[in-house]
Each structure stands twice: as structure tokens, then as C-alpha cells.
Amino acid sequence: MSDPDPTPTEPTPAPDPEAYELTINGRTRAVPSAWLGESLLYVLRERLGLPGAKNACEQGECGSCSLYLDGLLVNSCCVLAADATDARIDTVEGLADGDQLTDVQQAFLDAGAVQCGFCIPGLITTVHDLLDRTPTPSQLEVREAISGNLCRCTGYGRILQAVEDVRAQREAAR
Amino acid sequence: MPIDRPTDLDAALASLSDVPSAHLLAGGTDAMVEITFDQRRPEHIVALRRIPELRGYRVDDDELTFGAMLTYTQVERELASTAPGLAMAARTVGSPQIRNTGTIGGNLGTASPAGDTLPWLLALDARVELRSVRGSRELSLADFVTGPKRTAREPDELITAVRVPRVEGPQHVAKLGPRNAMVISVAMAAVIVDTTNRRVRAAFGSVGPRPIRASDAEQQVSDAIDWDALTCPDDAIVHFADACAEASQPISDHRSTADYRRHAVAVLAARSLRRCLAA
């Protein structure tokens, strides 16, 4: 997982005549000439310069490309970009407010939950999704929630600690 | 590769009638992997996520109807008490991300021998509703799935819903794989102790070219159960497990061996039945 940006394996046949638009982090972005079979992950990274969603397995196994489609956590490698034209797409880039990290992002740093960092954008979006839906998850609920996000560095201990830290902080703030 | 994005059922059926070779895109968790890895090059795509008629589910007195675009997450969260076995099956699918997009209709359309919802649907004699501009028809799931990843769907037909009868009684679904999440099953069991009709229903996945119903095993154990006390002699449970294993038609592949799968069918069958009777 040390390679920060594996060469995309996605083939790129001739562009289709149809141009389309995507709404990403509240902004409308034109996708002028793409092959219509491209995944949302590919379009974000290779056509729109948004590399936050990471490209590892391209088959829904690793969770490193997780983002929100109409508020639902999904693997962007399994979304046809040209079918997301009327959806609200929110990526990891849209979470922080400038340099102001979210509580989840800060907790991952504080807990030492980041090693190579490749899986982290997917885990950050996943943990936000979990804690927004389930503010006080059990350990089993946390493990189930991140079961589709592979991390090959940390052994998950400090990731679980970071989730627990955010849960406690949010509870104390209520 | 043009893409149609119909916003109602009639428009979707018209698209399919115009281009019967079009690939139907439901949740995308199968199709996108095939497209990305160049195993599938659709000439045309009909995307189904905007069609209200395919969403949701209906609970009637005698029947449950699941729309084709019902996601695993919806099943898990909204149908856990109405269709407990289906909710158990849905919860074993992939990861939360996959369950948020993957659909029942997609599971049926792909018709993988390892399709996680198929054993439960088969055990309940599910009927698949197919629509086209020519009309609609219903097929039993047993007739719908004709082989591994093969179905009786005509090219211009769309899977619109799947129906099962409502039955009372405990249900259990068990999936075997290397871990709890993110696995394609090595073997899967769905057992329903149907107290409405006083019969045990049992079906299995990943142990044959299609989901397999263990009809003889069902009959024998149904005769052995005390339906008033909901108990069963232990030797009848063991016999049931062996008969289920006998009904399976497993092969050896990169996920497991035929021998292990046959053994797993017996273990999962007995475990599922015992859990139903203990519930």
C-alpha cells in the first residue's frame, strides 16, 4: 500500500458524444468527453483532479474509494459516473473546512491511526457515516461498519481507538 | 455506449424494447466490476435507479413483495421482523458500502450460484415478476434461474419484483466463508420452520449450479417435528442434515472443495434448524 497512486487499469475507449455534469461537494463539474462506462472513482481522479477517493482494488473489496452518493456511503468504483448525473456526490475533500479538520480526521491523527495513509480517506468517510447514524456504537457495530475498509498497516487498533475518542468527545459535548 | 436514464417503468420497458441487448444497471456492484475489468462491454446501458415502481416493498396479509431495486441495507434495517431470514442474508452481503447499493433484483439478475438472497427466496417458493412492453409474467425462482449466472429472462424483459408467501415460524440463514464480511459464500443455508403450513423449508447456495432445494430432507424432518411443541428428535435432525448434504451438488473450485462443501451443508442445515427450534 506504499504506492500512493497505482496506475489505473481502467481502459479508455473512444469518448462518447454525450457530455454530462456531476454535482460534487456542492459544485457542478462538467465531464465534457469521457467514455460513458467509466466509474465515478475514475472520473473523479483522472478527469476532475479529485484524488481523495483512493483507487486500490476497483472491485468493491477495499473501501478506499468510499464516498457519499445522495448521503449514502458507497464504493465509488462500483458507481457508473454517467448514472450519477442527478445525484449529490460528497467526497472526502468536502469534509474539512479549509485547514479546520473534522473531529474524526483530528482523532485519527491524535490516535496515531494513520500509517501509510492510503486507506484513510475511505475510513474517514466511513466513520463519519457510522457516527452520524449511530452516535454511540458498540464495539461490534464499529467493527461491522468498517468491515469493508481494508487497512494493511495498522492492525486497526488505533483506528478503533480514534472512533472511540470521537464517540466520547461528541458525547461529552452533548 | 449510450445510456438511458428512464424515470418511470414504462420508459424503461420502452428502452429495453428498442434495444433488447442493453445491459440493465441496478446497484452496479456486479456490472461495474465487469465493465472496469473489461469482462463486459455493454453496447447500451439502461440505468434503473430513478424508477419509483421498482423501489420499496409491500407487506400484504398473505404475501410479501420486494421491488427489484430494494437494497440490502433497506432489507436489513426495515424488514428484520417481517422477513427475518432475508434480513440475515442481506446482512452477510459484502460491506455496508455494497449493501447500500446492491439490490434484490440485481442478485436475481446476476443469478450467481452464490447469490446470498437466493436460498431464502427459493425456500419460500419465491415468484419472480418480469415485465416487458409485451406484458408481464411470473416465474417460480426454480424456473427463473436456469444455470450458473443464467436466467429465463428474455432480453426485453425487466425484473420488476419478487414475491414470497407470508409464513409464520422461526427462520435462520447461515453463510460460511473465510470471514464474516466481504466474502462470497463457500456454502449458504436458509431454513424456515413454517408453522403456517407445518413444513420445514430448506435451500442452499454455492453448492450447485443453481440454488438447491432439499425437498426430500424437508419432507422427512417435517414428519418428525412435533408441531405443537416445536421440537424435533435429535436423530431426525442428524438425518435431515445428511439428506440436505445428499441433495447438494457441490464442485471443487478456488473457494473450496466439493467434500468440504457437502460437509458444510450438513453442519449448516443442522445448526440452522436447531437455532430455529431454540428460538
_Neighbour count >12 (heavy atoms, 6.0 Å) for atom CD, B/Q39_ = yes
*Would you call A/D83 and B/I3 a side-chain contact if the rule is heavy atoms closer than 4.5 Å?*
yes
*asked:* Does atom CG (A/D132) have a neighbourhood of more than 12 heavy atoms from anything else shown, all under 6.0 Å?
replied: yes
*How long is the span from the OG1 atom in B/T29 to the CG atom in A/N75, to the nearest 0.5 Å?*
9.0 Å
*asked:* Can you confirm whether more than 12 heavy atoms, excluding those of B/R179, are under 6.0 Å from its CZ atom?
replied: yes
*What option among A/C78, A/A145, A/G148 has the most heavy-atom pairs under 4.5 Å with chain B?*
A/C78
*Are the side chains of A/C65 and B/Q97 in touch, meaning some heavy atoms are under 4.5 Å apart?*
no
*When rounded to the nearest 0.5 angstrom, what is the spacing between OG1 in B/T36 and CG in A/L41?*
8.5 Å
*Can you say whether A/E18 sits under 4.5 Å from chain B via the side chain, the backbone, both, or neither, judging by heavy atoms?*
side chain
*Check the surroundings of atom OH in A/Y156: do more than 12 heavy atoms from other residues, nucleotides or ligands lie under 6.0 Å from it?*
yes
_Please classify the contact of A/V79 with chain B as side chain, backbone, both or neither, using a heavy-atom distance under 4.5 Å._
backbone
_Least distance between heavy atoms, B/S95 atom then A/S147 atom_ = CA-OG, 4.5 Å
_Less than 4.0 angstrom from a charged side-chain N to a carboxylate O is my criterion; do A/D86 and B/R50 meet it?_
yes
_Other residues, nucleotides, ligands: >12 heavy atoms within 6.0 Å of A/R133 CZ_ = yes
*Would the number of heavy atoms belonging to other residues, nucleotides or ligands and lying under 6.0 Å from CD of A/E171 be above 12?*
yes
_B/R55 CZ: over 12 foreign heavy atoms closer than 6.0 Å_ = yes
*asked:* Please classify the contact of B/L25 with chain A as side chain, backbone, both or neither, using a heavy-atom distance under 4.5 Å.
replied: side chain
*Verify side-chain contact (heavy atoms from CB on, under 4.5 Å) between A/L80 and B/M32, making sure each step is shown before the conclusion.*
CA-CA 7 Å; A/L80 184 71; B/M32 284 309 298; 3.7 Å; yes
*asked:* Taking CZ in B/R49 as the centre, count heavy atoms belonging to other residues, nucleotides or ligands within less than 6.0 Å. Is the count above 12?
replied: yes
*asked:* With chain B as the partner, which of A/T85, A/T126, A/L69 has the greatest number of non-hydrogen pairs under 4.5 Å?
replied: A/T85
*Taking B/T101, B/I45, B/N100, B/V33 one by one, which has the highest count of heavy-atom pairs under 4.5 Å against chain A?*
B/N100
*Kindly give the heavy-atom pair with the smallest separation between A/Q59 and B/F37, and that separation in Å.*
NE2-CZ, 3.9 Å
